[in-house]
Every structure is written in structure tokens, then in C-alpha cells.
Amino acid sequence: MCGIVGYTGSKNATSILIEGLETLAYRGYDSAGIAVWDGENIVMKKEKGQLSNLKSILEAEPVFGNSGIGHTRWATHGEPSYINSHPHGDDKKQLVLVHNGIIENYVRLKNMLINKGCHFVSDTDTEVIAQLVGDLYSGEPLKAITEAIRMLEGSFAVAIMFRDDPHRIYCVCKDSPMVVGFGKSGAHIASDIPAMLAYTRDVTFMGDKQIAVLSPDGIAFYNEFGNPIDKGCTHIDWDLDSAKKGSYEHYMMKEICEEPTAFRKTAEQYVSFKEPRLKADCFPWTAEDIPNVKRIRILGCGTAYHAGLLGKKYFAELAKIPVEIEIASEFRYSDYTFEDGEVLLLISQSGETADTIAAMRMAKSAGIPTVAVCNVIGSTIAREADDVLFTYAGPEIAVAATKSYLTQVAVLFLAALRLGQLRGTVSDERISSLLSQLAYIPSSMEKLIDAREEIQYFASREFSAKHVFFIGRGIDSALSMEAALKLKEVSYIHSEAYAAGELKHGTIALIEDGTLVIALATQRHLASKTESNIEEVRVRGANVLAVTNGSLPSIDSHCSKVWRIEETNELLAPFCAIIPLQLFAYYMAVQKGCSVDKPRNLAKSVTVE
Ligand code: AGP
């Protein structure tokens, strides 16, 4: 989705804005622009396509100044074009602004403004905000902004510069993320933390309809009525390098290689490995809560939903509690009636996914307790959920979620274990044995990552595949959903996951000579069943690759290739099995020359519906 940056201070704004936009490029965009006060005018430069196009324009026609705003646009209203790119201004040339989000009543507002004589130049809903604030402006920015936000419906994060006072930047947001921070040389705004990490780690997350006024000397905050408010700041301990690509060709590979560390860091927050034991205080439930926890409902989107599929297996197996899972975008428009004793478990890496936020707010207004599994401190979901189980994956820049998925699954496993402990459904001996085995997972992952050339070689032979099917049973079936999503999103190869036993109810009709089928077989009690399914597709011509541990000694005879993971408890097998599958998706995409970190049509953080 769109990225916003802003800066006012003593340094050259243009380079800070471009650097910030480059950091936010992972969010996905199709045009970019900046507006900088050059001492006489607010100079706007914008261009369709990659940031490099905008940079070429700035090289030919440099702009210098100490305050400015910038934007990468992901088109929602109006095609990607110069005219539709941000910043936008008003007819009277009093202001410029950039916007992320969707204004739902923009047609009505646009007609109202046209009737008042405004001339629109773009097809965007954003220009409506610019014209509206311009129409309401009579020398008092705060007054115009507070009046405008009362009229706007939908979601917005907006940064505005007024020509009358160009060293101040006004920001306001609703249902769309925005973070502000004050560094040594001035004040910054951004849609996401990594864009300002080079300048400050003490940041403030904007709340709904709150207004921040940035000046070279500091940041002041106001509520939606324009009254001053105090807002604290949050210290972010992500280091600068964690948001940089370093020597890696792609963020996706860097982030896969970071998985053992991310896993270790996350697990250590919830487990004391010395004894080993769960750190009881780190989980949302106490013994007194248990009679009131009768059902877990898991919600998320995309990869987060897939992590939830594994979470469902863990809660059912370890805590023996009824557990449901639903896609957040479906749930929010269903006729669901919440029941007493339900706990809503929301999974979101970014904490800003619009559908997951909406589902959380539905539950909260029904008085249902909400627990979030989230990677970003200070994000909307992290702020609003009753409890948060943080993942410690560090910033994830590649659009394809890898380390966030792994750490979400780790947290769900540990939360299920804790609930099982409190409900008396899992013995202390079993907990201790599982945690002891968990401690070895990062080194098993490292071995798989070190052996990645084998996967690269396999991908170099298979990258022309048109269709790939992933099959598995139980936990492997849940994992195969994520493996299929990873492959399709980065390599654009049609891939589907099927519960292995479901194949012969229809899908097996698609298997023909040479079809690539990836079979996951890590669950000993289901191994012989999966083996039969592998044989069913093999005899129909499929080229079968298996990802397995020692649970199927005879598997080599059915498959053209086998990737082995180290032996561990079956519940822990996904932590290792996902590594070769993510690497496979990565190498297939690289072989095909795809844009690995920013796949077409996708955005990292889906902040609009
Ligand atoms: C997967 O690789 C995607 N990045 C996507 O499915 C993602 O998991 C989904 O949009 C949810 O994002 P969230 O975890 O930030 O809520």
C-alpha cells in the first residue's frame, strides 16, 4: 500500500524523503512524488513507475530545502499516472498533501466541491481531501483539518504542508498507520518505522483522528477537536541493519537466513530453556481465567491465516479446547454471534491489516477478549488488542512473509502449550520434553539453510512448471497451504495445496505426465496414508518431491527427489519443513526472473479493504 514520509529540520529534505521512500518501497507502489519547500515555493516532483524515475528527474532538476513530504502510491482510484501521483494540491495553491487509505464518500464530497467551483485535475480520492482542506482553510491549519476530518469517511493517513507556514507539517490519520519521531536534526513522519530508523528509535504511533504538528523544534499533538494532548513515545530496538539488505541479493533470502535467530529470539521470550519451563507471566491466561476460556477463535489473512491453521492444530492437540479459524475478511461480514467464553486470537505481522483490525473491533465491541500475535510494537492491533503475544522476527521487508510466519507458528505453539498446562491437558513431563526439543530447532534450521544449493539446483530444473500441487495430511496439510501461497506469490506459478486424502475427490484429474507434486510427510501416524496418496499420483505420471523426516523410510522408492529434515517431535516438524519450501519458492522465482521482494500487484501491508 502507499508509503508516506515527511521531514522538517536542518538537513536536506529531498535526500531524506527519497531515502525514506526507498525504505518503504517494499509496501508496493506504482508512482512516487515529493513536495519540498525551496525557500520560495513548494516544488513538486512526481513520476509514474519506479522510484528511479523520480530520482532521474531530481538529478536533472535538483530541489533543495529543509522541509517536505513524499509518497509512493499504490493505485486505488485512478490509474497509475503522473496526474494521479501524489502530492496533490488545492485550487488556490495554499497546500499540498499526500494520502494513504481510501475516502469512501469522495464522490459526494467531490460533487459538493465542484458545485462550489473547484477544478479537479486527477481521478483520485486524495485530491478531494486537498480541495476540501483548501476550501475550509482561512489561515488556521488546525481548524481546517479538524473540520475536514469530521466530513471524511473511510481510512486515511495524511501529511499536509501549507504554503503560509511551510516549515510545519500536519499529519492526521484514521484506520491507517502513521508514525512520527524526533531526531537530532528534525522531525520525521513515515508510514512504517524502518523509514526513520536512521534518525531516531523513539517514535510515537498516531491514534485515530489525532493530529501531529511537526516543526524543526519538536512535535505537538492535538485531538480531533484541536485541543493539545500528550503522547508518549515507544523505543524501538530494531537496529538499522535489520532493515537493510546487506550482502544478500534479496530481502526474502536474507529473511529466510534470519529464521533460526528470529525463532530463537521469539522462543526465549516465552521459555526459560535452562529448566526448561514456560515463562507463565508472558502469556495472557492465569489459572483463574481458565473457567472463562471455553473456545478459541483464530483470525488472520494470507500467511497469518496459514499460521493460524497450524495454531488450530496445536490448541486442539495440546489444550484440548474447541478452536475455530476463519479468514478475517470473511469473518467481518459474517452474521456471527459471539458467545461467552470465546477468546479471539488475531494474527498479524504488521498489526495494520484492515480486515483483521475490523474483526478485532467487532469482537471488542461485543466484549470478547482479544489476544494478538503481532510483530510490530505500537501497531494498531498491538495497541488495541487486550493482550499481545509479540513475535520477535525484526522488520520484515520482503512482501512474502517468511520469518514472521515461522515466529507466529512458534508463538501459537507455545501459547497452546501454556493453555494446555493451565487446563491440565498436557503434563509437565511432556512440556519439558517438547521444550527441550524446541531448543534444537534453530540448529536444524541452520543445516537446512546451509544446504540450500540442493534446492537451488532442483529449482533450476523445475522452474518452467506451470502447475504445482502440494499435498499432506494433518499438520502437513496446514503447512502445505503456506508452501503453495509462497510459491504462487513470488514465482507466479499456479500452485495449490490439497489435503492428501482429498485428491481423489476431484483434483487428481489434473495430474498428468510430469506434473510436479510436493508431498509433505512429517507426521509418523499419518505417514502410510500419505505414502498411498504419493503412489496414487506417481502412477498417474506425477514427478513427486517429498519433504520428510524419518517417518517414511520407504519414501525414496516413490519419489524422484526427497528432502529430509532432522528428526524431532512431530508437532515441531513444521519449523524445519517450512525452510526448504520457502527456499524452493525463492529459487523458482529467481530462476524465472521475477521481482522476488516486490511481486506484482502485491503490497506488504494491506491497510485498505
Ligand atoms: C504473504 O506472504 C503475505 N505477505 C500476506 O499474505 C500477509 O501474510 C497478509 O497480508 C497478512 O498480513 P499481516 O500479517 O501483516 O496481517
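Atoms within each ligand, like the ligands themselves, are counted from 1 in listed order. A quick note: this is a predicted structure, and the numbers were derived from the prediction, not measured.
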**Report entry** Phe263/Phe575 aromatic ring centres below 6.0 Å
**Finding:** yes
Report summary line: Numbered in order shown, the ligand 1 atoms found under 4.0 Å of a heavy atom of Gln349 are 13 (P), 14 (O), 15 (O), 16 (O)
Query raised in the report: Can you list the atoms of ligand 1 that are under 4.0 Å from a heavy atom of Ser348?
Result: 13 (P), 14 (O), 15 (O), 16 (O)
**Report entry** ligand 1 to Thr356 polar contact by distance, N or O atoms, under 3.5 Å
**Finding:** no
**Report entry** Atoms in ligand 1 flagged as close to Val399, the criterion being non-hydrogen separation under 4.0 Å
**Finding:** 2 (O), 3 (C), 4 (N)
Requested in this report: For atom 10 (O) of ligand 1, grab the closest protein heavy atom and report residue, atom and distance to one decimal in Å.
Outcome: Val606 CG2, 4.0 Å
Query - Derivation of the side-chain hydrogen bond (donor to acceptor under 3.5 Å, both in side chains) call for Tyr587 and Gln582 - result: CA-CA 9 Å; Tyr587 284 122; Gln582 291 170 342; over 6 Å; no
Requested in this report: Identify the protein heavy atom lying closest to atom 11 (C) of ligand 1, giving its residue, its atom name and the separation to 0.1 Å.
Outcome: Cys301 O, 3.2 Å
Query raised in the report: What residue and atom, counting heavy atoms only, is the protein's closest point to atom 1 (C) of ligand 1, and at what distance?
Result: Thr303 OG1, 2.9 Å
Query raised in the report: Does CD in Glu249 sit with more than 12 non-hydrogen atoms of other residues, nucleotides or ligands closer than 6.0 Å?
Result: no
Report task. Please confirm whether Phe156 and His99 have ring centers closer than 6.0 angstrom. Result -> no
Query raised in the report: What are the atoms of ligand 1, with element, lying closer than 4.0 Å to any heavy atom of Ala304?
Result: 8 (O), 14 (O)
Query raised in the report: Which ligand 1 atoms are under 4.0 Å away from a heavy-atom of Ala401?
Result: 1 (C), 2 (O), 4 (N)
Query raised in the report: Which of the atoms of ligand 1 are close to Gly302, meaning less than 4.0 Å from one of its heavy atoms?
Result: 6 (O)
Report summary line: atom 15 (O) of ligand 1 sits nearest the protein heavy atom Ser350 OG, 2.6 Å
Report summary line: Counting from 1 in the order shown, the ligand 1 atoms closer than 4.0 Å to a non-hydrogen atom of Ala400 are 2 (O)
Query - Within the 6.0 Å centroid threshold, strictly below: Phe338 and Phe331 - result: yes
Query raised in the report: Backbone or side chain, does any N or O of Leu485 fall under 3.5 Å from an N or O of ligand 1?
Result: no
Report task. Flag the pair His306 / Tyr405 as yes when their ring centroid distance falls below 6.0 Å, and as no otherwise. Result -> no
Requested in this report: Would you indicate whether Tyr457, at its atom OH, is surrounded by more than 12 heavy atoms from other residues, nucleotides or ligands within a distance under 6.0 Å?
Outcome: no
Query - Aromatic Tyr270 / basic Arg418 pairing, under 6.0 angstrom, 45° off normal - result: no
Report summary line: Closest to atom 16 (O) of ligand 1 (heavy atoms only, candidates Leu299, Val376, Thr353, Leu346) is Thr353
Query raised in the report: In ligand 1, which numbered atoms sit nearer than 4.0 Å to a non-hydrogen atom of Glu489?
Result: 1 (C), 2 (O), 3 (C)
Requested in this report: Using a strict 4.0 Å threshold on nitrogen-to-oxygen distance, state whether Lys447 and Glu566 make a salt bridge.
Outcome: yes
Query raised in the report: Side chain, backbone, both or neither: which part of Glu352 comes within less than 4.0 Å of ligand 1 when only heavy atoms are counted?
Result: neither
**Report entry** Ring geometry between His467 and Phe469 (parallel below 30°, tilted from 30 to 60°, perpendicular above 60°)
**Finding:** parallel
